Amino acid sequence: SKQASKQASKQASKQASKRNYEGGIMTKKFRQLGATVGLLLLMVLLLISVYTYVLYQNFSRNMLEAALMAGICSVGGDVMPLGTIPTPAVAYLTVLEQADAGIVISASHNPYEHNGIKVFNARGYKLSDESEARVEELILSGAPMDIKTHGEIGKRLHGMRQMKRDYIDHLISSIDCDLSGLRVLVDCANGAASATAPDLFDGLPLHADFIHREPDGVNINDGCGSTHLDRLEKKVVEGGFDCGIAFDGDADRCLACDEKGAEIDGDKIIALVAKDMKDRGRLDGNTAVVTVMSNLGFMKYMQSIGIDTARTAVGDRYVLEEMRARGYAIGGEQSGHVIFLHHSTTGDGELTAGKLLKLLARKHREEGTKMSELNAVYTKFPQVLINLTADKEQKQAYKEDEYIAGFIESQQQNLMGMGRVLVRVSGTEPKIRVMVEGEDMEAIQSSAERIADMIRQRIPGADAPRRYLGRLRADRRNES
């Protein structure tokens, strides 16, 4: 009947509208975001890096990039697109080119559907929480923008190739070491490092082979990179490499493995490089800055060699704030987000890899040291991690539940100084993370599961797939 046909047509239209959500609403939001950021920062020049080619499978990189650029130009800002390039490259080039800001379209270490943006100010530092809140407020308010017309509209500038080369040259000069003789396998996570790592390692020089360096916008961080080390570890052993290096999607993080396939996390990298800096008189303030997620084994080791540690909340911005406020030279997260303030304003995975390989190359030439010997710098305390799925409302309910807080405190007391409990909401994913660390594996696993069960009971809908329960981890690859 005509009525049935009309209903079917209406339903098909709704489904088509739902499928086209990305190309319509999302593009509009990125234009609005571009206009808001441009208006807020009074842009003269803005660098944009797009390392993922699609946001969703039918939403092209060009649409996403063009929407943001159009928004910036519409309020009079000039834009220089950089193409596929690491997040720390944008921070560096923003300062080098004397731009007013730099923007990265990035899923960071997450799957491609978690794309968002990172904004750096003119000094190469991420925007403060207050500035980000102001941007969000302007977008959500729907307030009219001061849109430019005719000759006042911003321009698209060029210079992408030279900018990439400038960044690679900066890394080579910062590492400043001949790494010849090393054989390294590098995992580019099908992300931004695919565009720069081959040229970087070729210029150091050393023998480097690469895996997961064919990004298509969907495969970024998909079973590869610093959040999935299994394949790298296996191939390093099979190929007889001296070590393996793994970046995350936007290459601001780096983890490694030794020649035996054993993981080297951010704590280990910081410990090794900080000690070397201390030995050479380069450890400003005799302190390394880490987060509350750093392993107890790391803390005890640093104390034993006379290096002080400062702990911050989880997140590289808090590490950086502490470093800048106190004048410290090195800091980072267990996930491999390491900041070398002598060379960079943010975490840089490729710089971190270079610093670690520089230490290995020197130790190997002088003493025949292998990466596995460096990796044995200290013994990590076991950790149990349980990730509970939780939306915004469930996260808030957790924060406000005093009974849960008291229960967590009781679990901490039960460990009697032989471990610690840390429960927090993720800043980038819909999760509440339960972490318990200590010497007694059975005790910490039991404690973690009791806390997770209590959260489930008190907050309806907060849950974790059964396969994650009791999952023992001696490391932390996702910290934000």
Side-chain angles (χ1 to χ4, degrees), residues 37 40-41 86-96 99-104 106 108-110 116-137 174 248 250-254 265-267 269-271 273-274 277-278 282-295 298-299 302 307-349 351-352 355 399 422 424-429 433 435 476 478-480:
V37 173
L40 181 68
L41 299 176
T87 288
V90 177
Y92 171 74
L93 294 171
T94 298
V95 177
L96 183 69
D100 291 291
I103 292 182
V104 185
S106 166
S108 190
H109 57 283
N110 300 308
I117 70 165
K118 298 180 180 180
V119 183
F120 295 97
N121 65 22
R123 299 178 63 191
Y125 298 112
K126 290 181 180 178
L127 294 188
S128 65
D129 290 340
E130 294 76 19
S131 294
E132 288 189 349
R134 178 59 176 154
V135 172
E136 184 175 3
E137 180 184 332
S174 298
D248 70 331
D250 66 338
D252 63 355
R253 302 184 182 199
C254 168
D265 66 12
D267 280 352
I269 294 172
I270 293 170
V273 179
M277 292 172 69
K278 177 181 174 69
R282 297 277 290 166
L283 186 61
D284 298 349
N286 193 48
T287 300
V289 183
V290 292
T291 75
V292 292
M293 292 304 302
S294 282
N295 193 274
F298 167 86
M299 304 301 293
M302 297 298 271
I307 294 179
D308 299 326
T309 52
R311 279 192 175 187
T312 73
V314 174
D316 63 291
R317 73 171 59 211
Y318 305 114
V319 172
L320 181 59
E321 285 175 2
E322 179 71 11
M323 293 175 68
R324 294 180 65 194
R326 309 287 183 180
Y328 300 140
I330 185 172
E333 300 180 280
Q334 198 179 60
S335 61
H337 202 145
V338 183
I339 303 170
F340 296 93
L341 209 51
H342 289 162
H343 307 290
S344 180
T345 58
T346 189
D348 191 319
L351 177 61
T352 300
K355 292 291 188 180
K399 292 179 180 179
L422 180 64
R424 65 181 188 86
V425 299
S426 170
T428 60
E429 297 180 84
R433 304 191 191 278
M435 191 277 287
R476 278 284 292 161
N478 296 288
E479 288 198 354
S480 53

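On a predicted model such as this, the values are computed, not experimentally measured, just so you know.
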Checklist line | Closest non-hydrogen atom pair, M302 against A288 | finding: CE-CB, 3.8 Å
Margin query: When you compare the side chain of D348 with that of Y92, does any pair of heavy atoms fall below 4.5 Å?
Written below: no
Item checked: side-chain contact (heavy atoms from CB on, under 4.5 Å) evaluation trace for H337 with D248 -> CA-CA 10 Å; H337 202 145; D248 70 331; over 6 Å; no
Item checked: Residue R311 excluded, over 12 heavy atoms near CZ under 6.0 Å -> yes
Notebook entry, point to check: Excluding sequence neighbours, so at least two apart, what forms side-chain contact (heavy atoms from CB on, under 4.5 Å) with A91?
Noted result: F120, T345, T346
Check: S294 and D267: which non-hydrogen atoms are nearest, and at how many Å?
Finding: OG-OD1, 2.9 Å
Note to self: Can you tell me how far apart CE (M323) and CG (L341) are? Round to the nearest 0.5 Å.
What the structure shows: 4.5 Å
Notebook entry, point to check: How would you list, by chain and number, every residue that makes a ring pair (Phe, Tyr, Trp, His ring centres under 6.0 Å) with Y328, sequence neighbours excluded?
Noted result: none
Checklist line | side-chain contact (heavy atoms from CB on, under 4.5 Å) between V425 and K399, intermediate numbers included | finding: CA-CA 8 Å; V425 299; K399 292 179 180 179; 3.6 Å; yes
Next item on the list: Check A313 against Y318 and note the closest heavy-atom contact, atom names and distance.
Entry: O-CB, 3.8 Å
Margin query: Tell me if a side-chain donor or acceptor on D250 pairs with a main-chain N or O of S106 at a distance below 3.5 Å.
Written below: no
Check: Below 4.5 Å, heavy atoms only, C-beta onward: do M299 and V290 meet side chain to side chain?
Finding: yes
Check: If you round to the nearest 0.5 Å, how far is CG of D252 from CG of L351?
Finding: 12.0 Å
Notebook entry, point to check: Roughly how far, to the nearest 0.5 Å, is the CG atom of D284 from the CE atom of M277?
Noted result: 6.5 Å
Margin query: In the structure I gave you, are the side-chain heavy atoms of V314 and R424 within less than 4.5 Å of one another anywhere?
Written below: yes
Check: Are any of the side-chain heavy atoms of V119 and E132 separated by less than 4.5 Å?
Finding: no
Notebook entry, point to check: Taking atom CD of E321 and atom OG of S128, what is their separation to the nearest 0.5 Å?
Noted result: 8.5 Å
Notebook entry, point to check: Which distance, rounded to the nearest 0.5 Å, do you find between the CG of N295 and the CE of M435?
Noted result: 8.0 Å
Notebook entry, point to check: Would V90 and I103 satisfy side-chain contact (heavy atoms from CB on, under 4.5 Å), going step by step from the backbone distance to the final call?
Noted result: CA-CA 7 Å; V90 177; I103 292 182; over 6 Å; no
Margin query: Run the side chain to side chain donor-acceptor pair (under 3.5 Å) test against Y125 and tell me which residues pass, sequence neighbours left out.
Written below: none
Item checked: Exam field: side chain R433 to backbone L422, donor-acceptor pair closer than 3.5 Å -> no
Note to self: Among residues at least two apart in sequence or on other chains, which ones pass salt bridge (Lys or Arg N to Asp or Glu O under 4.0 Å) with R324?
What the structure shows: none
Notebook entry, point to check: Quick one: does S108's side chain get under 4.5 Å of K118's, heavy atoms only?
Noted result: yes
Next item on the list: To the nearest 0.5 angstrom, please state how far the CD atom of E333 sits from the CG atom of D265.
Entry: 12.0 Å
Notebook entry, point to check: Given N286 and I307, is the side-chain contact (heavy atoms from CB on, under 4.5 Å) satisfied, shown in steps?
Noted result: CA-CA 6 Å; N286 193 48; I307 294 179; 4.2 Å; yes
Checklist line | Distance-minimising heavy-atom pair for A310 and T287 | finding: N-CG2, 4.0 Å
Notebook entry, point to check: Minimum heavy-atom separation for P88 to A251, with atom names?
Noted result: CG-O, 3.8 Å
Next item on the list: Not counting sequence neighbours, which residues clear side chain to side chain donor-acceptor pair (under 3.5 Å) with D308? List them please.
Entry: none
Checklist line | Which residues share a side chain to side chain donor-acceptor pair (under 3.5 Å) with R282, sequence neighbours left out | finding: H342
